[in-house]
2 protein chains.
Amino acid sequence: MEKNVQNDPKYLHTKSKMNYGVSVDCVVFGFDENDLKVLLIRCDLIPFKHLFSLVGELVEADENLEDAANRILCNQTSLNNIFLRQVKTFGTVDRHPYGRVFSVAYFSLVKVSDYKLTNGKKPNEAHWHEISKIGTLAFDHNIILQTCLEALRNQVREEPVGFELLPEVFTISQLQNLYERILGIELDKRNFRKKIMKMKILIEHDESQSNVSHRPAKYYSFDKVRYEKLKKEGLIFEL
Amino acid sequence: MEKNVQNDPKYLHTKSKMNYGVSVDCVVFGFDENDLKVLLIRCDLIPFKHLFSLVGELVEADENLEDAANRILCNQTSLNNIFLRQVKTFGTVDRHPYGRVFSVAYFSLVKVSDYKLTNGKKPNEAHWHEISKIGTLAFDHNIILQTCLEALRNQVREEPVGFELLPEVFTISQLQNLYERILGIELDKRNFRKKIMKMKILIEHDESQSNVSHRPAKYYSFDKVRYEKLKKEGLIFEL
DNA sequence: ACAAAAGTGTTCGCTCTACACCCATGG
DNA sequence: CCATGGGTGTAGAGCGAACACTTTTGT
């Protein structure tokens, strides 16, 4: 249960009894100060040895797809209630060298601060990789990653999901920076602030930054409850 | 090959050897004058006898997912090169009464004029059903239908896919009507024309309607090549 | 006092919306 | 000549893009 089934030696054996396999592969995005990152694990499956792969495992026979995605994510990150969104299912015949395995791709957004490395207490632990520095991945995982990145870019503009990547409390500049990095474009500071403020979905805190050698920024947090309420009343999130 | 595998008596037998099954279920949309319609077949599987279901079959072991979707669609409609888009994969454990079957949902857009009923030459042929008059469907197909309808509503606004539902040659009013029916809202005639005309993705024909007891409308067709070119140059389709 | 990022308003052009009348045809 | 849907323009409001200087803090 704790292991990555695709990397389990028993997997080959299992396979012979199997017409189909269905796995969940999850692109776990994190945002660390300035960079968009993805959780990757080392793949020790034969043709892909020494390559990295996405977090993924086979779905159990008695397990709902959504539950599998949550379990797999929870196993790898030790985090519960993580933002998770299904993106696309990949099903070419030859995408897995050991048999016919469909992959349902999800992307997930975690606060890097919440995700603690166990530093070797778990074997083959996942690590963060800067998205711009990712080379060839195992299986068709480069394509899956690309597809999920595009899905994230779309999502982030029309739903307030970016907050999932930030700490509970953040500055407007951090938020703007997040958007700039994800979308790969520069945004105007004043217009960005106006836009986000007009939506009235941020809670302004009393505290500000301290120990910064410039004017300290105010802290804000995302008001999810208020957002849901405003959405019902017709608010359209757009950035 | 020609049959619906889910409806094949051998299916039960097959199932016992199967850990997983993966099927494609396709919401085939058509637009007939004034109404958005969906192709449905009668389901003769035991707990769902006499209910309708979406067009769907199991994916073959040696068949790519996309190919399966095309094959299934082609079998049911005798049409090739149909617009097809993957929407979501449904994978609750109990969604199929005979075993664990994942379903990859697609929606597809066909010109009703192209789709000819064989009038009983094929057993259990699919028929058009008005979307507003669809009752309980087999399996979780009501949810799949709803999900695909929402996907269509989103797609149609940001990509020129609506044309797939119209004849090659159409009037602006027909196009507007299509949008109004799909989106369930009324649109202003003048503003709609301005918007669509400004994009310059329609070819104006010399012919007009004839035998209509009012001013005849001009015919247009969608210029796909031009659209692709303009898109590369930065055109954003939006309606 | 200097460096560094925070914070703040206004103008202009464009786009969206609302809205009413004449036109071409068949019966 | 009447009924029917086709086709057209304009004015006002709101929105997005561009743009520069002052503020607050640490060193």
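In what follows, chains carry the letters A, B, and so on, assigned in the order in which the sequence lines appear, proteins first and then strands, with residues in each chain numbered from 1.
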Please tabulate the protein-to-nucleotide N/O contacts below 3.5 Å involving nucleotides 1-4 of chain D, giving atom names and distances.
| unit_1 | atom_1 | unit_2 | atom_2 | d |
| --- | --- | --- | --- | --- |
| D:dT4 | O2 | B:Ser213 | O | 3.1 |

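Phosphate proximity of D:dG6 to B:Ser173: present, with a side-chain N or O under 4.0 Å from OP1 or OP2.
Note: A:Tyr227 and A:Phe237 have perpendicular aromatic rings, judged against thresholds of 30 and 60 degrees for the angle between ring planes.
Between the side chains of A:Glu66 and A:Tyr106, at least one donor N or O lies within less than 3.5 Å of an accepting N or O. For the residue pair A:Ser103 and A:Asp25, a side-chain donor N or O sits within less than 3.5 Å of a side-chain acceptor on the partner.
Remark: B:Glu168 CD is loosely packed, at most 12 non-hydrogen atoms of other residues, nucleotides or ligands lying under 6.0 Å away.
The side chain to side chain contact (heavy atoms under 4.5 Å, CB included) test with B:Phe29 singles out one residue from B:Val161, B:Leu39, B:Leu109, B:Val110, and that residue is B:Leu109.
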- Message: If you apply the rule side-chain contact (heavy atoms from CB on, under 4.5 Å), what do you find for B:Ser173 with B:Arg193, and how did you get there?
- Response: CA-CA 9 Å; B:Ser173 295; B:Arg193 291 175 107 90; 4.3 Å; yes

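Separation of the A:His205 and A:Tyr220 ring centroids does not fall under the 6.0 Å cut-off. When ring centroids are compared, A:Tyr219 and A:Phe170 stay outside the 6.0 Å threshold.
Remark: nothing in residues 199-210 of chain B comes within less than 4.0 Å of DNA chain D through any heavy atom. DNA chain C lies under 4.0 Å from no heavy atom of any residue of residues 231-239 of chain A. Residues from residues 181-196 of chain A lying near DNA chain D, meaning a heavy-atom separation below 4.0 Å, are A:Asp188, A:Arg190, A:Asn191, A:Lys194 in numerical order.
With sequence neighbours left out, A:Lys195 forms a salt bridge (charged side-chain N to carboxylate O under 4.0 Å, His left out) with no residue at all.
Note: B:Thr147 OG1 to B:Leu152 CG = 12.5 Å, rounded to the nearest 0.5 Å.
Rounded to an integer number of Å, the gap from CD of B:Gln174 to P of D:dG7 is 11 Å. Nucleotide D:dG9 holds its P atom 12 Å from the CE atom of B:Met197, rounded to whole Å.
Here salt bridge (Lys or Arg N to Asp or Glu O under 4.0 Å) pairs that include residues 196-213 of chain B, with residues two or more places apart or in two chains, are B:Glu204-B:Lys218.
Cation-pi geometry between A:Lys88 and A:Phe90 is met: under 6.0 angstrom from the ring centre, within 45 degrees of the axis.
A:Leu183 places none of its side-chain heavy atoms less than 4.5 Å from the side chain of A:Leu239.
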